[in-house]
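Shown next, in structure tokens, is the structure this report addresses.
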Amino acid sequence: MPELPEVETIKRDLNALVNKKIVAFKLLSPKTASHSAAFFKKSLVGQKLIDIQRRGKLLILVMQNGLYLLIHLKMTGQLIYQSRETKIIGGHSLSSGSYEKSVGGKLPNKHTRAIFNFSGGGQLFFNDLRKFGYLKLVKKEELDKILQNNYGPEPLTPEFTATKLKNILKSRKTNIKAVLLNQKLIAGLGNIYVDEALFATKIKPTRPANKVKAEEIEVLVRESNKLIKKAINHRGTTFNNYVDSKGKKGNFSQFLQVYGRKGEKCLVCGGPISRIKLAGRGTHYCPNCQK
DNA sequence: GTGTTTGTTATCAA
DNA sequence: CTTGATAACAAACA
């Protein structure tokens with residue numbers, strides 16, 4: 001599940017594509033794109049990629065002609081880049097290129113939804129098993145509106161302050177987990193990092209948001225920043241599907257304290273980790289440590 | 001065949 | 001209008 005650290009990892013990798021030109025585009029799954037393949041081709045082919053940005057879990061590719069290509073990976077999206085060199089190595093040796101080494105199989109595969117060819121001979125593959133992810137072309141005004149309406153403050157930015165968080169939480173009667181998952185209120189956290197952040201803060205995910213104390217909110221801000229920073233440093237968490245732009249898995253799974261550890265021992269108190277369903281999501285916590 | 005997985009939106013209710 | 005709760009989406013796997 002690509003959340004903020006995973007999308008940030010991909011963004012940093014794909015920075016290698018900035019200043020390259022898209023020389024060809026192929027759309028294999030029409031539903032994946034906001035417009036027709038013809039429109040995408042017309043809008044993108046011949047254009048230089050001038051910057052890559054990220055807001056929450058959304059990737060923003062800034063094109064020279066003033067259009068923005070939004071890429072959302074949702075649950076199972078992947079962006080895999082193979083440079084010309086990678087492909088040549090892959091084509092000539094038995095052990096093949098890095099994506100094949102780490103994940104297996106050649107690209108494109110049956111989950112490839114779009115292919116971008118870049119100047120210099122590299123190819124970017126957008127794979128998405130479940131087809132929840134999308135490619136969306138927008139102009140500046142639409143982009144601004146989308147960012148304005150759908151993304152709250154996110155960890156590791158100056159806007160992510162205890163003061164702001166207190167204001168967000170104090171009026172919400174629903175459980176804290178649902179609030180932290182809501183991208184309009186707080187952007188970037190998903191199911192894994194919400195569970196981890198709440199464990200680090202010793203707050204039970206079922207607690208009503210307005211019952212979280214001011215001191216706890218300050219800890220929540222600090223711990224979330226720490227957690228997200230560390231996860232980025234380890235190139236994200238791979239639980240099942242996520243891989244980086246080279247097709248490699250993230251290394252943060254080894255640091256997870258509660259997510260995916262149902263029935264296992266809490267690393268703080270030794271008691272068993274619980275798993276419940278909350279906000280429609282699998283939710284992991286220590287019933288002893290988290291109040 | 002059934003249930004489960006999750007990011008986001010749609011839908012309906014209060 | 002705001003908030004909240006839940007279904008729906010898609011595909012694969014146990």
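Note on naming: letters A, B, ... go to the chains in the order of the sequence lines (proteins, then strands), and numbering restarts at 1 for each one.
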Note to self: Any donor-acceptor pair, under 3.5 Å, between the side chain of R281(A) and the base of dT8(B), if you only look at N and O atoms?
What the structure shows: yes
Check: Could you write out DNA chain B as a dot-bracket string, with dots for unpaired bases, | for bases paired across to another strand, and Watson-Crick or G-U pairs counted at under 3.5 Å?
Finding: .||||.||||||||
Margin query: Measure NZ/K74(A) against C1'/dT9(B) and give the value in whole Å, please.
Written below: 7 Å
Checklist line | Residue pair K139(A) / Y68(A): nearest heavy atoms and the distance that separates them | finding: C-CD1, 4.0 Å
Checklist line | Atom-to-atom span, CZ of R130(A) to C1' of dT4(B) - whole angstrom | finding: 9 Å
Check: Tell me, do I115(A) and F125(A) make a side-chain contact under 4.5 Å, heavy atoms counted?
Finding: yes
Checklist line | Spacing of the P atoms in dT11(B) and dA10(C) (rounded, Å) | finding: 14 Å
Margin query: On DNA chain C, compare the nucleotides closest to R113(A) and N175(A); which residue's is nearer the 5' end?
Written below: N175(A)
Check: Using a cut-off of 4.0 Å on non-hydrogen atoms, how would the nucleic acid contact of G133(A) be classed: base, sugar-phosphate, or nothing?
Finding: nothing
Note to self: Has E3(A) got a side-chain atom pairing as donor or acceptor with G190(A)'s backbone, closer than 3.5 angstrom?
What the structure shows: yes
Check: Between K177(A) and N191(A), is any side-chain donor less than 3.5 angstrom from a side-chain acceptor?
Finding: yes
Check: With distance as the sole test, does D195(A) use its side chain to make a donor-acceptor pair with the main-chain N or O of H284(A) at under 3.5 Å?
Finding: yes
Notebook entry, point to check: Backbone N or O of K170(A) within a donor-acceptor pair of the K173(A) side chain at under 3.5 Å?
Noted result: no
Item checked: Heavy-atom pair of closest approach, residues Y259(A) and E196(A) -> N-OE2, 2.8 Å
Next item on the list: Send over the distance from E6(A) CD to dG7(B) P, rounded to a whole Å.
Entry: 10 Å
Note to self: Expressed as a whole number of angstroms, how long is the span from Q183(A):CD to dA10(B):P?
What the structure shows: 15 Å
Next item on the list: Could you tell me from which nucleotide to which nucleotide of DNA chain C, 5' to 3', there is an atom under 4.0 Å from chain A heavy atoms?
Entry: dT3(C) to dA12(C)
Notebook entry, point to check: Taking the six-membered ring of F255(A), is the NZ or CZ of K230(A) close enough (under 6.0 Å from the centre) and on axis enough (within 45°)?
Noted result: yes
Checklist line | Protein-nucleotide distance (N191(A), atom CG; dT4(B), atom C1'), rounded to Å | finding: 13 Å
Item checked: Separation of atom NZ in K31(A) from atom C1' in dT8(B), rounded to whole Å -> 14 Å
Notebook entry, point to check: Across the strands shown, which category fits Y151(A) at heavy-atom distances under 4.0 angstrom: base, sugar-phosphate, nothing?
Noted result: nothing
Next item on the list: Look at K211(A) together with E216(A) and state whether they make a salt bridge at an N to O cut-off of under 4.0 Å.
Entry: no
Checklist line | Rounded interatomic separation in angstrom, taking NZ from K131(A) and P from dT9(B) | finding: 20 Å
Notebook entry, point to check: What is the distance from CZ of R55(A) to P of dT8(B), rounded to the nearest Å?
Noted result: 12 Å
